[in-house]
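Protein chains get the first letters and strands the later ones, always in sequence-line order, with residue 1 at the start of each. What you see below is based on every heavy atom in this structure, not just the backbone, and it leaves out hydrogens, waters and symmetry mates. Not measured: the values here are computed from a predicted model.
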Amino acid sequence: MAKQLLLIDGNSIVFRAFFAMHNQIDKFTNKDGLHTVAIYGFKLMLDHVLDNFHPDAALVAFDAGKKTFRTKMYADYKGGRNKTPEELMEQLPYVHQLVRASGLHSYELKNYEADDIIGTLAKEADDAGYETLVVTGDRDLTQLASDHTTVAVTHKGVTDTEHYTPAHVEEKLGITPKQIIDMKALMGDTSDNYPGVTKVGEKTAIKLVKQFGSVENLYDHIDDLKKSKMKEHLIEDEDVARQCKTLATILRDAPLEISLKDLKYEGEQTEELIDFYQQMGFKSFLAKMNVAPEEGEDQVKPVTYTELTADNLGELDQLSGEVSFYLEMPEANYHLSPFAGFALGDGSHWFVSRDAELLKQAPLKKLLESTTIHKNVFNAKAHIVGLHRLGIELAAVDFDLLLASYLLNTNDNSNDLGQVALEHDYHDVRTDEEVYGKGAKRAIPDDDETFFTHLVQKVRAINDLKAPLFTKLNQNKQTPLYTDIELPLTRVLAKMEITGVHVDAQTLKNMGSKLKERLADIESGIYEEAGEEFNINSTKQLSHILFEKLKLPVIKKTKTGYSTAVDVLEKLADRAPIVEQILEYRQIAKLQSTYITGLLKVIHSSDQKIHTRYLQTLTQTGRLSSVDPNLQNIPVRLPEGRLIRQAFVPSHTGWQIFSSDYSQVELRVLAHITGDKNLQEDFRNGEDIHASTARRIFHLGPDAEIDRNMRRRAKAVNFGIVYGISDYGLAQRIHVTRAQAHEFIQNYFKEFPGVKKYIDDTIAFAREHGYVETITHRRRYLPDIHAKSFNRRSFAERTAMNTPIQGSAADIIKIAMIRMQRELDQRQLKAKMLLQIHDELVFEAPQDEIPVLKKLVPQVMDSAVKLDVPLKVDSKVGDTWYDLK
DNA sequence: TTAGTCACG
DNA sequence: ACGTACGTGACTAAG
């Protein structure tokens with residue numbers, strides 16, 4: 001087998017690591033106050049690469065300084081860059097140390113960039129028959145790809161890379177790796193600060209390179225081009241293009257003092273590496289090597305525990321005041337999961353058992369139901385539901401590790417206690433994946449010692465993390481969010497899940513058999529049109545029929561082939577009758593699979609109800625989500641799908657379904673947080689907001705008629721504003737030209753200047769602080785706000801402005817839910833809250849309580865928070881969820 | 001396991 | 001010039 005060479009672009013990976021993990025910068029400092037995040041990220045990358053690639057030779061190349069032969073020939077090369085942050089500069093010497101301890105060579109050469117070192121060695125390696133892997137954060141290096149050199153460019157974070165081979169370059173750009181140089185010469189490079197030819201961007205550059213092969217050949221045949229602005233620019237900028245080509249070219253013959261034979265990969269230098277990790281405070285890397293964080297300190301705090309049996313429950317008397325508790329339910333669905341065991345304790349004594357039946361016995365049941373003994377748990381909702389199945393009402397929960405951790409950083413939303421603990425730098429517990437395995441191999445260990453140790457470690461982690469997490473919540477001003485909203489909401493959600501919603505299986509079955517007949521009809525029609533039978537559900541087979549056999553025009557491509565999505569098919573509908581049939585087939589098939597068979601599968605046979613689970617610690621915005629099944633996406637928009645709702649019925653005869661929803665809550669939140677006077681005024685006047693927006697942005701008089709089309713467009717603009725608008729996106733959606741869409745947006749900002757200011761301010765806030773907040777201080781970190789990639793940065797900017805809006809709306813309904821449940825309890829109403837669908841609450845109630853709900857629910861919902869504009873709530877009632885009026 | 005599609009707010 | 005609206009979950013095909 002060919003020898004393998006690993007070449008790493010040191011500077012670019014360190015930069016990537018630093019900015020990719022920038023939001024965690026405070027988490028990574030060693031005891032001397034040195035920032036270590038880039039060093040850590042670099043090592044993550046290194047380990048990841050070495051997992052998959054086993055080099056015989058390895059080198060990390062660094063830039064030697066700012067001055068290079070390129071700056072000598074072009075003074076502005078890489079000019080205008082922000083200066084490297086001090087927090088990053090200080091880490092560079094340690095990266096060199098890490099490289100050495102990891103057994104790799106490092107090298108830098110005065111007057112040359114790391115690229116040139118890599119280019120030169122990759123060439124030497126190619127000639128010597130090596131297989132080379134180049135790892136970099138810089139796309140420019142893809143010009144080095146060859147039959148024996150693959151270039152891995154970091155894609156997201158530091159370990160997720162995209163591998164460029166000549167074939168992959170060809171596929172992505174349609175040119176050879178070498179031609180990337182010509183492309184860059186023409187288009188320039190903003191980050192390296194050289195201009196290229198005026199008005200030529202990537203698209204034009206690729207076109208020209210495909211046509212002429214190279215910059216030189218282009219100028220040899222420049223006369224072949226038709227007269228155009230582009231041609232004028234090309235002629236004008238010929239010197240620039242030729243100079244840029246030199247700048248863009250990575251050297252393959254830099255005067256290195258080293259060569260391949262000096263680069264033997266030595267493998268990890270264990271002693272050195274351990275010393276280094278200890279100096280850096282890298283506990284997780286040390287743990288992986290089975291080394292204690294500090295010499296002399298114990299590796300893992302030992303656990304001692306008592307196994308509980310029916311005979312020694314009396315020992316629990318020593319627990320009082322505060323107890324951490326953990327009930328192991330190995331399956332995600334805690335409505336149905338078996339119980340594998342439990343553990344509890346108070347920080348000094350730990351108890352454990354496999355037998356969940358013991359929980360029903362007095363000492364344990366009393367402890368769990370006690371309102372004076374406070375409980376700390378991981379996932380309170382799962383525990384409330386699980387214990388409810390055992391006839392136990394868990395009371396007095398103070399601390400929910402999962403919930404607190406989610407509020408601190410919505411990205412740390414793992415359901416694995418061990419992983420969550422790790423996020424908070426706690427290493428005395430292993431992850432479930434480590435102990436139980438994953439996938440099909442996942443199982444509770446037979447060995448008591450292994451299993452009990454793990455359970456006790458988990459419950460101890462809950463106990464130990466309580467104080468530090470409460471401190472962090474406090475620092476973030478998130479204590480009220482935790483105490484007054486999320487924790488009480490957990491109980492409300494548990495109650496809704498336990499109550500469940502009654503679904504009539506027979507109704508679904510009847511619909512199912514009708515749909516089945518219709519599907520068979522449509523199917524044969526499609527086969528007839530296609531002239532053959534095929535699997536309509538397979539996009540691959542379907543696109544073969546549409547775009548190859550029937551030769552319909554390709555509108556859009558996906559990563560893997562032709563797109564057959566709705567918007568594409570709609571454009572093709574009048575070209576072939578089969579398209580309409582496919583659209584209908586898709587619609588019916590979706591209903592059949594997801595909503596008929598899907599729902600039938602999850603009706604509990606014991607009570608004919610569906611018990612969803614609301615995920616409270618998942619979304620990045622603070623919304624809930626619903627799984628097993630998802631009851632937040634039951635069809636409503638199309639009349640045929642809407643019929644599904646006929647199966648959702650009250651659980652008692654003589655009861656009805658009652659529903660209230662917020663009207664335009666997100667736009668009202670927008671009016672509130674932007675403080676925009678015009679938008680607020682429109683809401684205070686109780687106007688039809690889309691109509692009044694139309695009046696403003698289309699400059700219509702106060703009495704002018706607003707036709708449906710105008711209102712529709714204004715509505716799209718309103719949505720667009722909330723989502724972070726682009727003229728292109730708006731144009732697509734409402735079928736106008738991009739210029740028109742642009743004008744609409746400009747008019748909007750002129751009419752609603754407060755909104756424009758909010759958008760700018762919010763993005764600035766995110767850049768400065770690395771996160772954005774809702775009205776209740778719910779946080780979302782946005783590391784990509786500093787991303788180099790236009791795409792990723794733009795996405796972060798859109799989410800920066802959308803999250804406070806969507807998230808504050810989520811805050812509002814959460815508060816309403818807590819107060820609503822309180823009202824139902826206090827008034828001892830029989831009515832039950834069943835569902836939350838983001839801006840809507842669904843109840844079931846005896847008929848005689850409906851008038852009460854009609855008054856009470858809107859009252860509670862619109863007074864949940866006090867905004868600068870009124871909240872509006874609409875209510876409906878009916879015999880099924882379908883019949884609401 | 002991933003991608004494509006489509007259901008919802 | 002870039003590439004295109006925010007947040008979700010379930011199903012099917014195919015690697």
Mind checking who C:dA1 pairs with, Watson-Crick or G-U wobble, both distances under 3.5 Å?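 C:dA1 is unpaired by these criteria.
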Could you check whether [X] gets within reach of a base, just the sugar-phosphate, or nothing at all, counting any heavy atom under 4.0 Å?
X: A:I805; value: nothing
X: A:N802; value: sugar-phosphate
X: A:T564; value: sugar-phosphate
X: A:R738; value: base
X: A:Q620; value: sugar-phosphate
X: A:D661; value: nothing
X: A:A800; value: nothing
X: A:I725; value: base

Picking from [options], which would you name as closest to the side chain of [X]?
X: A:L615; options: B:dG4, C:dG9, C:dG7; value: C:dG9
X: A:N630; options: C:dA10, C:dG7, C:dA5; value: C:dA10
X: A:S593; options: C:dC11, B:dG4, B:dA7; value: C:dC11
X: A:Q806; options: C:dG3, B:dC6, B:dG9; value: B:dG9
X: A:T539; options: C:dT12, B:dT5, B:dA7; value: B:dT5
X: A:L730; options: C:dA5, B:dC8, C:dT4; value: C:dA5
X: A:Q541; options: C:dT4, B:dC8, C:dA14; value: C:dA14
X: A:F795; options: C:dC6, C:dA14, C:dG9; value: C:dC6
X: A:T560; options: C:dA5, B:dG4, C:dT12; value: B:dG4
X: A:V627; options: C:dA10, B:dG9, C:dG3; value: C:dA10

Donor-acceptor contact present, side-chain A:K549 to main-chain A:A530, <3.5 Å: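 Confirmed, A:K549 side chain pairs with A:A530 backbone.
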Donor-acceptor pair, side chain of A:R668 and main chain of A:L867, under 3.5 angstrom: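 Checked: no pair found.
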Whole-angstrom distance between C:dC2 and B:dA7, as gauged at atom P: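 The answer is 33 Å between these two P atoms.
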Using the P atoms only, state how far B:dC6 lies from C:dG3, rounded to an integer number of Å.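 Straight-line distance between the two P atoms is 25 Å.
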Does [N] have its OP1 or OP2 closer than 4.0 Å to a side-chain nitrogen or oxygen of [X]?
X: A:T558; N: B:dG4; answer: yes
X: A:S538; N: C:dA14; answer: yes
X: A:S563; N: B:dT5; answer: yes
X: A:S625; N: C:dG9; answer: yes
X: A:N535; N: C:dA13; answer: yes
X: A:R586; N: B:dA7; answer: no
X: A:K540; N: C:dG15; answer: yes
X: A:R798; N: C:dC6; answer: yes

Verify the distance criterion only: is there a donor paired with an acceptor across the side chains of [X] and [Y] at less than 3.5 Å?
X: A:Q620; Y: A:T803; answer: no
X: A:Y334; Y: A:E497; answer: yes
X: A:T621; Y: A:Q806; answer: yes
X: A:S660; Y: A:S875; answer: yes

[X] [atom1] - [N] [atom2] separation (whole Å):
X: A:D567; N: B:dC6; atom1: CG; atom2: P; result: 8 Å
X: A:I644; N: C:dA10; atom1: CD1; atom2: P; result: 16 Å
X: A:L631; N: B:dA7; atom1: CG; atom2: P; result: 17 Å
X: A:R613; N: C:dT8; atom1: CZ; atom2: C1'; result: 15 Å
X: A:M801; N: C:dG7; atom1: CE; atom2: P; result: 12 Å
X: A:K590; N: C:dA10; atom1: NZ; atom2: P; result: 10 Å
X: A:Y562; N: B:dT5; atom1: OH; atom2: C1'; result: 19 Å
X: A:H544; N: C:dA13; atom1: NE2; atom2: P; result: 18 Å

Over 60° means perpendicular and under 30° means parallel, so tell me whether A:F534 and A:Y527 are parallel, tilted or perpendicular.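 Rings of A:F534 and A:Y527: perpendicular, over 60°.
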Mark yes or no for a side-chain to base donor-acceptor pair under 3.5 Å between A:E202 and C:dC2, with no hydrogen or angle criteria applied.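 By the distance-only test, no, there is no pair.
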Assess whether one donor atom and one acceptor atom, taken from the side chain of A:R637 and the base of B:dA7, lie less than 3.5 Å apart.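 In this structure, the two groups form no donor-acceptor pair.
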Decide, applying a 5.5 Å centre-distance limit and a 30° plane-angle limit (both strict), whether A:Y723 stacks on C:dC6.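 A:Y723 ring centre within cut-off of C:dC6 base, planes near parallel; stacks.
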Candidates A:V503, A:T612, A:V602 - the one meeting side chain to side chain contact (heavy atoms under 4.5 Å, CB included) with A:L631: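 Among A:V503, A:T612, A:V602, the one that satisfies the side chain to side chain contact (heavy atoms under 4.5 Å, CB included) with A:L631 is A:T612.
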Take A:G201 and A:S626, find for each the nucleotide of DNA chain C with the closest heavy atom, and name the residue whose nucleotide sits nearer the 5' end.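 Comparing both residues, the 5'-ward one is A:G201.
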Note: A:K245-A:D182 ion pair, threshold 4.0 Å (strictly below):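 Salt bridge: yes.
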